[in-house]
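In what follows, a structure is listed as structure tokens, so that the remarks can point back to it.
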Amino acid sequence: MSIQYEVEQLSDSYGVADSFPKDFGYGEEEADIEDSPAPSDSKPRILLMGLRRSGKSSIQKVVFHKMSPNETLFLESTNKIYKDDISSSSFVNFQIWDFPGQVDFFDPTFDYEMIFRGTGALIFVIDAQDDYVEALSRLHLTVSRAYRVNPEINFEVFIHKVDGLSDDHKIETQRDIHQRANDDLVDASLEKLHLSFYLTSIYDHSIFEAFSKVVQKLIPQLPTLENLLNIFISNSGIEKAFLFDVVSKIYIATDSSPVDMQSYELCCDMIDVVIDVSCIYGLKEDGSGSAYDKESMAIIKLNNTTVLYLKEVTKFLALVCILREESFERKGLIDYNFHCFRKAIHEVFEVGVSTPRPAGPQAMGSPCSKAVALNGTPRNTI
């Protein structure tokens with residue numbers, strides 16, 4: 001598909017002409033020196049667990065450190081717990097803990113209760129190309145022990161490395177793992193424990209899609225964000241909108257219409273284009289500044305009358321919209337409604353940081369109360 005694009009005001013850059021250079025990321029990951037984590041770690045945690053060589057470290061490197069999938073072939077096996085501090089926005093603020101597959105974290109000297117008490121999600125990675133009988137046994141042991149410590153954990157199963165399987169084999173493998181894992185839970189009288197299953201690969205966008213679903217469950221403001229997106233697209237003639245974390249390309253929210261994988265991939269590719277162009281042409285003369293700021297905006301016009309529209313929302317978040325060319329003729333209307341949307345998002349952040357009350361439509365005040373409908377009539381949207 002041929003792509004025409006125009007990019008406006010992507011001023012300032014990182015100082016290197018690479019897509020997502022090292023200083024535009026989540027910082028250095030930190031090896032846990034002790035076997036037990038420090039009690040002072042108060043941020044919500046996502047645990048990456050699974051057998052050796054199942055692909056845990058590769059997932060972390062590809063999603064959060066922009067490593068090329070081909071480069072992960074040279075990663076050494078993890079032999080310690082690695083804690084990766086993720087701070088992608090004011091409320092998506094958590095740690096990724098990568099557990100080595102060969103370590104028995106249920107050893108009596110290991111404080112697994114403290115680990116699970118502060119955990120928001122537990123991701124268990126299963127290698128779909130290997131015999132997964134042992135992995136299922138370890139999955140059951142892990143989730144049953146974690147559930148008894150903290151029933152609020154979200155349990156996620158990544159059926160990984162499916163890029164080498166046919167479509168029929170993928171479906172059959174997922175069905176078999178789903179059936180066996182849930183049968184084990186029923187036998188242990190753990191019917192209330194819910195497992196979510198995802199087919200993933202680091203060689204396509206499926207791993208980003210799966211991590212997006214995991215992260216969304218940890219965002220208490222998600223219903224508010226979805227409601228704001230629904231209001232924005234219905235008033236602006238937009239077909240689909242994603243609220244992206246620019247660094248990881250995880251979407252933290254989208255509108256209520258179904259997510260089409262092709263649309264999601266287009267939006268991810270657009271972010272790559274914007275960052276690449278900004279790295280090349282957005283440098284100041286002294287090489288200083290930031291490539292992604294409040295003036296960042298990009299338009300990509302495809303040859304099928306589809307337009308992709310990206311606008312900066314916060315320091316780490318971008319709104320990427322998919323719409324038709326005829327709808328984009330009302331760009332002034334879209335920009336005005338986006339201004340209302342952006343102000344509401346900033347208020348959601350402020351409410352989440354400054355007060356303990358739930359973030360809902362009433363908590364956001366009136367930044368969107370003047371949103372304009374497609375016919376130009378002001379309407380009270382919140």
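- N154 and H194 form no side-chain donor-acceptor contact under 3.5 Å, judged by distance and modelled atom types alone.
- There is no side-chain donor-acceptor pair under 3.5 Å between K161 and S201.
- Checking I126, T200, L136 one by one against V157, the side-chain contact (heavy atoms from CB on, under 4.5 Å) holds for a single residue, I126.
- Here F124 and F197 keep their ring centres 6.0 angstrom or further from each other.
- Between E134 and R138 there is no salt bridge, since no side-chain nitrogen of the basic residue lies less than 4.0 Å from a carboxylate oxygen of the acidic one.
- Separation of the F211 and F64 ring centroids falls under the 6.0 Å cut-off.
- Contact check on R342 versus E312 returns a salt bridge, with a Lys/Arg side-chain nitrogen under 4.0 Å from an Asp/Glu carboxylate oxygen.
- In summary, E347 and K343 do not engage in a salt bridge, as defined by a charged side-chain N under 4.0 Å from a carboxylate O.
- Comment: E239 engages R324 in a salt bridge, judged by a side-chain N to carboxylate O separation of less than 4.0 angstrom.
- The backbone N or O of E226 sits less than 3.5 Å from a side-chain atom of N230, completing a donor-acceptor pair.
- Judged as a side-chain hydrogen bond (donor to acceptor under 3.5 Å, both in side chains), and not counting sequence neighbours, the contacts of D335 are Y309, K331.
- One side chain, D176 or Y132, offers a donor N or O that lies under 3.5 Å from an acceptor on the other.
- Residues passing the salt bridge (Lys or Arg N to Asp or Glu O under 4.0 Å) test with R53: none are found, sequence neighbours excluded.
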